[in-house]
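Have a look at the structure below before the remarks.
Values in this document were obtained by computation on a predicted structure and should not be read as measured data. By convention here, the first residue in the shown sequence is residue 1.
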Amino acid sequence: MVLKALKKGDQRVFETIYCDYYERLCVYLLSYTSDKEKIEDIVQDTFMTLWSKRNTIHITSSIKSYLYRTVHNKLMDTFRSSKKHDEMLSSYLHTALVRAINLDQGEQNRRLKKLDECIEQLPTRCKTVFIAKKITGKKYTQIASDLKISEKTIEGHISRAYKLIRSCMSVNKEAVVR
């Protein structure tokens, strides 16, 4: 009786179905996802489809079974679609990274060579401290003990080394740009 009235376009029957099932369907989908916007969109879409295709929809079970099965299937479709989308984006990202690595390998090698040259140009004590800290990975206390200087002096050498290296590297950039 309800299905016949719905097929004839009885809006009161549709509103009753909507009021009876909207919240229940939302709660049902909460067991699969916590994305409330997605849930509401799916349930709304299900009711819109039910109304707009009421003349052609063939419901062999109850309206309740139809609605629960439909919202479940629509949610699974969105999961599959978003998984494909995520996989596609991941593939694009991977491809872009591989291309960037391959294209920039020459530039990276040039910059590393220039960095080595800049480190070599540092004053002797500054270079020793910088290499011990940043390349070898020693602690300030260990370097201070080895070189018999204070940790403050080490901080000063590191700071000076960074400043000199930055300056040396930027001179290289300007030469490349010109």
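The ring-ring contact (aromatic ring centres under 6.0 Å, His included) check on Y32 picks up Y28, H72, with sequence neighbours excluded. L112 is linked by a side-chain contact (heavy atoms from CB on, under 4.5 Å) to Q108, counting only residues two or more places apart in sequence or in another chain. Every residue was checked against the salt bridge (Lys or Arg N to Asp or Glu O under 4.0 Å) condition with K38, not counting sequence neighbours, and none meets it. With sequence neighbours left out, the salt bridge (Lys or Arg N to Asp or Glu O under 4.0 Å) criterion links E155 to K152. A search for side-chain contact (heavy atoms from CB on, under 4.5 Å) contacts involving Q121 returns C168, not counting sequence neighbours. For K134, the side-chain contact (heavy atoms from CB on, under 4.5 Å) criterion is met by F130, I158, Y162, not counting sequence neighbours. The disulfide (SG to SG under 2.5 Å) check on C126 picks up nothing, with sequence neighbours excluded. Applying the salt bridge (Lys or Arg N to Asp or Glu O under 4.0 Å) rule to K4 yields no partners; only residues at least two apart in sequence or on another chain are considered.
Here the CG atom belonging to L50 is positioned 6.0 Å from the CG atom belonging to L67, to the nearest 0.5 angstrom.
Residue pairs meeting the salt bridge (Lys or Arg N to Asp or Glu O under 4.0 Å) criterion with at least one member in residues 42-60, sequence neighbours excluded: D45-K74. Among pairs with a residue in residues 136-148, those fulfilling salt bridge (Lys or Arg N to Asp or Glu O under 4.0 Å) read K138-D146, at least two apart in sequence or across chains.
A salt bridge links D77 and R80; the closest N-O separation between the charged side-chain nitrogens and carboxylate oxygens is under 4.0 Å.
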Can you give me every donor-acceptor pair (side chain of residues 6-13, partner residue at least two apart or in another chain, under 3.5 Å) with its distance?
residue	atom	partner	partner atom	Å
K7	NZ	I57	O	2.8
D10	OD1	R12	N	3.0
D10	OD1	V13	N	3.4

For residues 59-66, which side-chain N or O atoms pair as donor and acceptor with protein atoms under 3.5 Å away, sequence neighbours left out?
residue	atom	partner	partner atom	Å
S62	OG	S65	N	3.1
S62	OG	S65	OG	3.1

Step by step, work out the side chain to side chain donor-acceptor pair (under 3.5 Å) result for Y18 and Q44.
CA-CA 9 Å; Y18 184 90; Q44 281 288 4; 2.9 Å; yes

Side chain to side chain contact (heavy atoms under 4.5 Å, CB included) between L147 and R125, intermediate numbers included:
CA-CA 9 Å; L147 299 177; R125 189 66 133 184; 3.8 Å; yes

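Side-chain contact, T46 with T49: no donor N or O sits under 3.5 Å from an acceptor N or O.
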